Amino acid sequence: MSKILSVGIDIGTTTTQVIFSRITIDNTASYFTVPRISVLDKEIIYQSPVFFTPLKQQVFIDGDKVRDIVAAEFQKAGFQPSQVDTGAVIITGEAARKENSKTVLDTLSDFAGDFVVSTAGPDLESVISGKGSGAYQYSIDNLCTVVNLDIGGGTTNIALFDSGKVIAKTCYDIGGRLIRLDKDGTIQYIAPSAQLIADQIGARIAVGSKGDVSTLSRITDAMADILAQSVGLKEFTPLAEGVRTRTSSKDMLRQPIERICFSGGVADCVKSTSDDLFAFGDIGILLGRSIRSNPYFAKARQIEASQTIRATVVGAGTYTMNLSGSTIYYSRGIFPLKNTPVYKLPANVEEAVFKGEGQPLMEGLEWFMSQSSSSQIILAVKGPHNPTFQTLELAAGCLVKCAEAVLPADAPLIVISEEDIAKALGIAMSNASDKKRKIASIDSVSVEDGDYLDIGSPLMDGLVVPVIVKTLLFG
Amino acid sequence: MERDELVALITAEVIAQLKKAGWKAPDKPVPPPFAPQEKAEKKELPPDFDIASEEVKKIPLLENPIDPTELSHMKKRTTARIGVGKCGARLNTQTMLTLRADHAKARDAVMKDVDENLLKSMNLFSVKTQCDTKDTFITRPDLGRKLSEEGVATLKEKCAKNPDVQIYAADGLSSTAINANLDKIMPVLVKGLESKGLTVGTPFFMKYGRVAAEDQVAEIVGAKVVCVLIGERPGLATSESMSAYIVYNAHVGIPESKRTVVSNIHKDGLSAVEAGAYIVEVIEKILAAKASGVDLVK
């Protein structure tokens, strides 16, 4: 049994939070079968209060103040940065688009331990918050489709899970703090997406003028309506497309959704029946009300989120690490690897490789290396189901030959497959190579083209490696 | 009489009896917890469909389930025959026939012989235990653990002596398992072991073989490690499952606890190539530790 200490740091549009969790992994297979290392338990051992994200002049995150918050939380939790094994620091929502977010991540890098994701993007955030909210686990436990809407201050991150698989993810510029008011109800700030929605529905609002409940409610009603459209409960309109977060995925699958789950700060407002509609100096409570009374959402079957405002930080702290399959192959000393780009073989290239034809791979690989600034690369394949060893030998021959021709002499040959074939493929590659180049073959991890991987040092007597799949935002 | 009429009649009778006993009907009918959903469209199956195929087993036979989606989720979780409906107190005809078809497959796996062409294509010669028929094999487990005199002579003549590892296959209780997996697992095993610098003995096939016959094989060829790939007793879910029993420094009469086993090798369990690659590592560990079974500290 191994215990891993994981940290999650989320710097959002509105709030900044830190959590520490303990992840327990062990071999759950019986003595008579191959080992199967799984995550047994994820226990949150410390969670910080919810801080307002310190900002400088609306457009900058105050990096020094964020650093102070994080440092103080490490101290309160009783951990040193060196004790952290894994986790994530992510800047989410509108905050990620602040001018200096990259610099802020750099100032936090020494808290992040050796092996931490330091970047995110709207799509990855959607997945992280959907896992943190419990929607992901619900879809596994009940083998159904669950869509999670994490409605924060600046954005709504949406992820659709089907029985534990992420099948769609997207993000909209809709949140509780898109319009902010002072104590007297005077509008202090209107985000561009809120202005766009107001203009479209003919609601007049302006900074400096009083915000009245009926006008603002019309806007939040329209926002709730767009969210209903985004998950396919209502016909999609151009306005919805207009407020979709630019860097997010467009294709939300229109597949029957069996359950719906709300997380994020606004999720608490969906249930709240508070009389003080501007308790937070924003439109969060109104947006919550609008969602509650939206007839399209009323038709959907809702489930309770296990985390609301903390969904993203819990997801970041406990769900960013995956374990590889338990039968893998690697040369000694090849791990850890950081920020290694993934080249996913197109279907026709992969087919050729498993037939022993290396030319298409050679061309693809040359192109990818010429585009990439990294000298290292991970080749991703789906892999055949229940193959013969001859098939794997054919593929191994191609892979080794292409690596010799295209990769630098000191770069390792790393192949990652979805099907459970890694150990056999590793043996085949090792037999086909001159043993000078380091080789790794990892399976049971699903990656996409354009992902970057961190692969940590082997765990559990070398049976598995921890893998973090990430999408770089500041590529 | 139509089913619906029958249901209506029984309901009316039950209500009448309840009323006699002083029960009052509610003003409004109480809705069920979930309203019955619209009938899922039944897929048309081809006239020659195989009732024992995975595809057909996935279709629930239960009529008018309250929540068909939930039922299909439940069916995805298990290979058990749930959601099959019934006719009175009995199984439906199709369920009954599927059970018998699966049972027949399991019996076939036990009773059939391993494909001669497969053995030929893999250049494996055959030896027999002291059983001369399947019936003896099944009724006399003790004889399935001992090689015939002829078998002993053949091994002495054809097998390389004192290898690090002796691998062979035996039909055991499922020839189907050997037919399905042997040609996939052997190459990776042999090449994997050889690439670790180990000597691999001459592989062969043993007919009517039980696990413990490997102890006699170890004595004859003088191998440090013996690994038998053997068909597992089939169940009603799969008949293609194979196991590897690996033992260090075996002799006839060695305790069963000294065997290391890798089981559940088939296309929906651990795939044969990956099992082969894993067994290579297990054998390497056994040789390093000079121990197998419970003596091999995990």
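Chain identifiers are assigned alphabetically (A, B, ...) following the order of the sequence lines, protein sequences preceding nucleic acid strands; residue numbering begins at 1 within each chain. Computed from a prediction, not measured in an experiment: that's the story for all the values here.
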| Can you name the residues that form a salt bridge (charged side-chain N to carboxylate O under 4.0 Å, His left out) with R233(B), not counting sequence neighbours? | none
| query | For chain B, which residues from residues 390-398 of chain A lie under 4.5 Å away (heavy-atom distances)? | reply | Q390(A), L392(A), E393(A)
| said: Quick one, V262(B) with V34(A), criterion side-chain contact (heavy atoms from CB on, under 4.5 Å). Give me CA distance, side-chain angles, the key distance, then yes/no. | reply: CA-CA 7 Å; V262(B) 177; V34(A) 286; 4.3 Å; yes
| query | Are C144(A) and T69(B) close enough that some pair of their side-chain heavy atoms sits under 4.5 Å apart? | reply | no
| note | Taking a cut-off of under 4.5 angstrom between non-hydrogen atoms, the residues of residues 70-82 of chain B near chain A are E70(B), H73(B), K76(B), R77(B)
| query | Just wondering, are more than 12 heavy atoms of other shown residues or ligands nearer than 6.0 Å to NZ in K42(A)? | reply | yes
| request: Report the residue from T33(A), N386(A), D420(A) that forms a side chain to side chain contact (heavy atoms under 4.5 Å, CB included) with L270(B). | output: D420(A)
| remark: Counting heavy-atom pairs under 4.5 Å with chain B, the top scorer among S430(A), G426(A), P35(A) is P35(A)
| field | Contact origin within A428(A) toward chain B - heavy atom pairs under 4.5 Å | value | neither
| message | For a quick test of reading the model, state the closest non-hydrogen atom pair linking K423(A) to E274(B) and the distance between them. | response | N-OE2, 2.9 Å
| remark: Closest heavy-atom pair, A277(B) versus A424(A), reported as atoms and distance to 0.1 Å, is CB-N, 3.4 Å
| remark: Whatever's closer than 4.5 Å to a heavy atom in chain B on E258(A) counts as side chain
| query | Is there any residue in residues 176-193 of chain B with a non-hydrogen atom under 4.5 Å from a non-hydrogen atom of chain A, and which ones are they? | reply | K184(B), P187(B), V188(B), K191(B), G192(B)
| query | Does Y296(A) OH have over 12 foreign heavy atoms under 6.0 Å away? | reply | no
| query | If you draw a 6.0 Å radius around NZ in K344(A), do more than 12 non-hydrogen atoms from other residues or ligands fall strictly inside? | reply | yes
| remark: Of the listed T327(A), L425(A), I427(A), the one with the largest count of heavy-atom pairs under 4.5 Å with chain B is T327(A)
| message | Taking side chain as everything from C-beta outward and backbone as N, CA, C, O, which of these in E194(B) sits under 4.5 Å from a heavy atom of chain A? Side chain, backbone, both or neither. | response | neither
| said: Please determine whether the number of non-hydrogen atoms from other residues, nucleotides or ligands lying under 6.0 Å from atom NZ of K436(A) exceeds 12. | reply: no
